[in-house]
Each structure stands twice: as C-alpha cells, then as structure tokens.
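Reviewing the structure listed below.
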Protein chains: 2
Amino acid sequence: MADSKKYNVEVRVWIEEAEGAFLGIGKIWLLENIKKTGSITNAAKEMKMAYRQAWQLVEEMNQRAESPLVEKLLGGKGGGGARLTDAGERAITIFYEVEKRIKEFAQKETQNLKF
Amino acid sequence: MADSKKYNVEVRVWIEEAEGAFLGIGKIWLLENIKKTGSITNAAKEMKMAYRQAWQLVEEMNQRAESPLVEKLLGGKGGGGARLTDAGERAITIFYEVEKRIKEFAQKETQNLKF
DNA sequence: ATTCAGTATGTTTTAAAATGAATACTGATG
DNA sequence: CATCAGTATTCATTTTAAAACATACTGAAT
C-alpha cells in the first residue's frame, strides 16, 4: 500500500564565521558569475540583482575570509572589473563538495517519511 | 600553526511536499508550544508571534499532512483550544531525529574549513 | 585633460511581509 | 440564554527588506 503523499527532506547549507553567515549558495552563484563575466556589474545583471547588493555581498565575503575571494580592479581600461582570487576559486569547489556530501547523506537517510 | 579564523558548517533542514515547504523548525516550535499551552493563542504569545500567523501555519500543516497534526477545539469551556494529534507528536520526534542525524554528519564531515 | 566603464556610496522608492485591530463564530457551562 | 475564552477571518497599519536612482571616484588609454 503506497502512501498517498510523498515527503522529502530539503537541506540548505552555508558556512558560518564568528560574525555570522559567511558563504551560502547565493554568494557562490555571485562568485561564479563574477568569474564568468569579469565584473560585479555584469554578474549582477546576469543574476537580475541590484549592483549595490552584489557589491555588498562581495565586501562581506572579502572581509570575512582570511584572504579576499574577489579581487577588484579600479579604473583603467574598461573602467576596471573584478575577478576571483585563488581563494575564491577554492571557495566554490569546497562549498559544492561539502554541500553535495551533506545533501546526498540527507537523501539516503530519509526514505519513506510519513506525516 | 592554527588558522586565524574558524569556519563551520550550518545546516537548515525542512520537509517538502508536492505543494512546497511543509515542515521546518519554525512550525516544529509552534507545535511544541501548542502542546505546552493548549491553544494557538497562547502558543503564539509564547513565541511573540501574531495569532493570525500561527493560525495560518497550523492550517498549512494540517492540510499538507496526510492527517492533521493539530486538533482544534471550537467553543465550549474556555472557548476551546488546540492540541496535538498522535501524528503531530510523531512529527516532532521524526523531525528532530532527521535534523540531528544530518547536523551531526555535517559537523563530522567538515573539520578544518579554510577560506 | 577628456573619455569611459566599472567601482564605491548615499538616498529614495517600492514592494512584500508581519503585525495589530476589529468582528463574528462556536459550544460547554452556569 | 448569557457568559466566556479561544477559534476564524477581514482589513488597515507598520515594519522590513529589496530594488531603483543618483552621484562621486578611479585610472588606463587616447
């Protein structure tokens, strides 16, 4: 006899640091888009997010990381831009690894929920 | 050489059903307070949440569960009240079990994060 | 020294969500 | 059959967060 409704577990993962939330999926998407587009402005457009907001997220990340995740280039040809540091690249990789392991575990451990 | 900053993983767990989010820690707290106080009104006060909001959460839960988690008593002595059904009691237990296992796994699997 | 596109920052608008207030309903009990 | 406290529901108000707007600032290139 099958249950009439299906339930499954969802999991949201993020990294905390002393001052609070440091890195979640939203900031990861932003990092990816900065990498892809070469600037905060274009990354923000891509994500349909206000530049101001994107810029603030970058500030937060950079200040809370041991070393900045995003390098910002001011002025010059093309007005400048932004690109990921090695730490930024690593952050993406690490985050997805951690997230994947936790989500897989969550699925595996929670079959046949009933409410 | 110790790292200058400590990072750790945080995890938010909730149960989804076809129509969307079904049961997270907020609704669990509400269930616990209904159990403790015997009414939605008093549970809401306890949590400093508007009665309206608490009532809506209860409705949502009851409709999305296979059988209601909260039994509401209308009128009568004391005006009525609300209490958990067996399904409601079980929901609390199951949720915390699932949450605990996932959080423990998350901690265990993520020592020494560096950013 | 002017241009140019992106960064940096403050201010204002808008939109969404939560709250609060108000009102009717319910039914056991005296 | 009036009372009473909690449920049920609508509507106006407040709070909050997000987005939009506006305006300097930067520095390589021409």
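A, B, ... follow the sequence lines: proteins, then strands. Residue 1 opens every chain.
Checking the phosphate oxygens (OP1, OP2) of D:dT7, a side-chain nitrogen or oxygen of B:Thr41 falls inside 4.0 Å. In terms of phosphate contacts, A:Trp55 brings no side-chain nitrogen or oxygen within less than 4.0 Å of OP1 or OP2 of C:dT7. Note on B:Lys72: a side-chain N or O is less than 4.0 Å away from OP1 or OP2 of D:dA8.
Residue B:Met49 contributes atom CE, which lies 12 Å from atom C1' of C:dT19 at whole-angstrom precision. Atom CZ in B:Arg83 sits roughly 12 Å away from atom P in D:dT7 (whole-Å rounding). Nucleotide C:dA17 holds its P atom 13 Å from the CD atom of B:Glu60, rounded to whole Å. For the pair A:Leu73 CG and C:dC4 C1', the computed distance is 16 Å after rounding to whole Å. Atom P of nucleotide D:dA19 and atom CE of A:Met47 are separated by 10 Å, given to the nearest angstrom. A straight line from CD of B:Gln53 to P of D:dT10 spans 16 Å, rounded to a whole angstrom. In this structure, the CG atom of A:Leu30 is 11 Å from the P atom of C:dT7, given to the nearest Å. Following rounding to the nearest Å, B:Lys45 (NZ) and D:dT7 (C1') show an atom-to-atom distance of 13 Å.
Here D:dA29 is the nucleotide among D:dT7, D:dA29, C:dA8 with the atom lying nearest to any side-chain atom of A:Lys77. Checked against C:dT7, D:dT10, C:dT11, the side chain of B:Arg52 finds its nearest nucleotide in D:dT10. In the set C:dT7, C:dA8, D:dG6, C:dT7 carries the atom at the smallest distance from any side-chain atom of A:Ala82.
Between B:Phe105 and A:Phe105, the two ring planes are parallel [angle under 30°; tilted spans 30° to 60°]. Relative orientation of the A:Phe22 and B:Tyr7 rings is tilted, given thresholds of 30° and 60° on the angle between their planes.
Looking at which nucleotide of DNA chain D each of A:Tyr51 and A:Leu74 is closest to, the 5′-most match is held by A:Tyr51. Between A:Gly81 and B:Gly79, the residue whose closest nucleotide on DNA chain C is further toward the 5' end is A:Gly81.
Side-chain contact check for B:Arg83 versus B:Val70: every heavy-atom pair is 4.5 Å or farther apart.
A side-chain donor-acceptor contact under 3.5 Å links A:Arg64 to the backbone of A:Ala21.
Nucleic acid contact for B:Gly76: base, since at least one base atom lies under 4.0 Å from a heavy atom of the residue. As judged by a 4.0 angstrom heavy-atom cut-off over every strand, B:Gly80 is placed among residues touching the sugar-phosphate backbone only.
In this structure, the separation between CD on B:Glu17 and CD on B:Gln63 is 10.5 Å, given to the nearest 0.5 Å.
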